[in-house]
Amino acid sequence: MSNRILGLGAEFPAFEKTAVVSREKGQEFKTISNDIHTADGKWMVMFWWPKDFTFVCPTEIAEFNKNEGEFADRDTVLVGASTDSEFVHLAWRNNHEDLRDLKFPMLADTSKSLAEELGILEATEKIAYRATFIIDPQGIVRWVSAYDLSVGRNVEEVLRVLDALQTDELCPCNWEKGEATLNLN
């Protein structure tokens, strides 16, 4: 199996999946789709992790959660995802202190169909790589990042790139929000 990760400028695949959105009895699950961001003209950051109940994954999920307000301030919907089931996601949230109060949905891609369309399935175990996609309000992929299974990502870098993309201007190396963009005139 060769991975061909969905690239820049591609339309993000349509999806409709069950996600864990709460720990409240009877309110745990909700079906979400592309409409989660396109209906309101928002950006979306979808980040994937390999397996629930592991060691690096909760550090990333907790960091995204800590920064959820930063994404919301940028009119961006945050969605976490893996190929685990919604029941495993819920059990993990109930079991892990850092995951109990998540402010974003944990998407369950149990069929692995979305991960496969995105080209992020690891060949042997068929689990998702640590991939992050920034999708604009029109549903177009504007940034992709993928890490090997053992390396956690940097949430500040995801925010930095999102800020740069939202300027719709030329941003130099190491550009940070508030700095001047490049003026070619």
Side-chain angles (χ1 to χ4, degrees), residues 3-10 12-13 19-20 32 36-37 42-84 89 92-93 96-109 114-115 117-123 125 127-137 139-182:
N3 285 10
R4 293 190 184 273
I5 296 176
L6 188 69
L8 301 178
F12 196 80
V20 175
I32 63 170
I36 195 169
H37 77 103
K42 295 188 177 201
W43 291 71
M44 179 172 69
V45 169
M46 182 179 280
F47 71 98
W48 291 76
W49 62 87
K51 292 181 179 180
D52 292 2
F53 289 98
T54 56
F55 307 101
V56 175
C57 301
T59 66
E60 295 181 304
I61 296 167
E63 188 65 21
F64 272 106
N65 193 53
K66 179 178 153 189
N67 286 280
E68 189 275 338
E70 295 292 325
F71 288 99
D73 288 348
R74 290 160 172 85
D75 288 326
T76 302
V77 175
L78 190 58
V79 178
S82 83
T83 57
D84 292 295
H89 285 339
W92 196 27
R93 280 191 64 179
H96 198 294
E97 185 174 330
D98 292 340
L99 306 181
R100 289 194 179 123
D101 298 314
L102 294 183
K103 300 170 192 136
F104 57 84
M106 295 175 86
L107 185 124
D109 185 23
L114 183 54
E117 280 189 79
L118 295 173
I120 60 169
L121 280 180
E122 188 274 336
E125 290 188 69
I127 56 175
Y129 283 109
R130 295 181 196 286
T132 309
F133 295 84
I134 297 178
I135 302 101
D136 71 17
I140 304 302
V141 175
R142 300 289 302 277
W143 186 70
V144 181
S145 169
Y147 291 72
D148 202 359
L149 300 175
S150 62
V151 179
R153 72 201 104 200
N154 184 324
V155 175
E156 287 181 22
E157 176 64 2
V158 177
L159 285 164
R160 186 193 77 81
V161 172
L162 178 62
D163 285 337
L165 288 169
Q166 289 182 341
T167 69
D168 204 26
E169 297 179 21
L170 298 174
C171 298
C173 179
N174 298 326
W175 177 90
E176 296 283 337
K177 187 175 184 173
E179 293 179 353
T181 56
L182 297 176

Can you give me the closest heavy-atom contact between Val45 and Phe64, atom names plus distance? CG1-CE2, 4.4 Å

Which atom of Pro50 lies closest to which atom of Asp84, heavy atoms considered: O-OD2, 4.2 Å

Applying salt bridge (Lys or Arg N to Asp or Glu O under 4.0 Å) to Glu169 and not counting sequence neighbours gives none

Could you tell me which non-hydrogen atom of Leu159 sits nearest to which non-hydrogen atom of Asn67, and how far apart they are? CD1-OD1, 3.8 Å

Is any side-chain heavy atom of Leu182 less than 4.5 Å from a side-chain heavy atom of Trp175? no

Taking the side chain as every heavy atom from C-beta outward, state whether Asp163 and Arg74 have any atom pair closer than 4.5 Å. yes

Just wondering, more than 12 heavy atoms not from Asp73 lying within 6.0 Å of its CG? yes

Heavy-atom closest pair, residues Ala115 and Thr83: CB-CG2, 4.2 Å

How about Ile36 and Pro105: do any of their side-chain heavy atoms sit closer than 4.5 Å? yes

Any residue meeting ring pair (Phe, Tyr, Trp, His ring centres under 6.0 Å) with His89, in chain and number order, not counting sequence neighbours: Trp49

Assess whether side-chain contact (heavy atoms from CB on, under 4.5 Å) is satisfied between Thr132 and Trp143, documenting all intermediate values. CA-CA 8 Å; Thr132 309; Trp143 186 70; 4.0 Å; yes

Spacing of Leu162 atom CG and Glu70 atom CD [to the nearest 0.5 Å]: 10.5 Å

Counting C-beta onward and ignoring hydrogens, is there a side-chain heavy-atom pair between Ile5 and Tyr129 closer than 4.5 Å? no

Asn65 meets the side-chain contact (heavy atoms from CB on, under 4.5 Å) criterion, sequence neighbours left out, with Leu102, Lys103, Phe104

Please report the closest heavy-atom contact between Glu179 and Asn174, naming both atoms and the distance. OE1-O, 4.0 Å

Could you tell me which non-hydrogen atom of Ala128 sits nearest to which non-hydrogen atom of Leu121, and how far apart they are? N-CD2, 4.2 Å

The criterion is salt bridge (Lys or Arg N to Asp or Glu O under 4.0 Å); which residues satisfy it with Glu125, sequence neighbours excluded? Lys51

Kindly indicate, with the supporting measurements, whether the criterion side-chain contact (heavy atoms from CB on, under 4.5 Å) is fulfilled by His37 and Val79. CA-CA 10 Å; His37 77 103; Val79 178; over 6 Å; no

Does Glu156 come within less than 4.0 Å of Arg160, counting only side-chain N to carboxylate O? no

Just to verify, what does Asp136 make a side-chain hydrogen bond (donor to acceptor under 3.5 Å, both in side chains) with, not counting sequence neighbours? none

In this structure, CG of Leu8 is separated from CZ of Arg142 (nearest 0.5 Å) by 9.0 Å

Is there a side-chain contact between Pro13 and Leu114, using heavy atoms and a 4.5 Å cut-off? yes

Is any side-chain heavy atom of Phe47 closer than 4.5 Å to one of Ile61? yes

List the residues meeting side-chain hydrogen bond (donor to acceptor under 3.5 Å, both in side chains) with Glu60, not counting sequence neighbours, and say none if there are none. Arg130, Arg153

Looking at CE of Met44 and CD1 of Ile135, how far apart are the two atoms once the value is rounded to the nearest 0.5 Å? 3.5 Å

Surrounding CD of Glu157 (heavy atoms of other residues, nucleotides or ligands, distance under 6.0 Å), is the total greater than 12? yes

Hey, could you give me the CG/NZ distance between Leu78 and Lys42, rounded to the nearest 0.5 Å? 12.0 Å

Please work out which of the three classes, parallel, tilted or perpendicular, describes the rings of Phe133 and Phe12, given edges at 30° and 60°. perpendicular

Is any side-chain heavy atom of Ile32 closer than 4.5 Å to a side-chain heavy atom of Leu107? yes

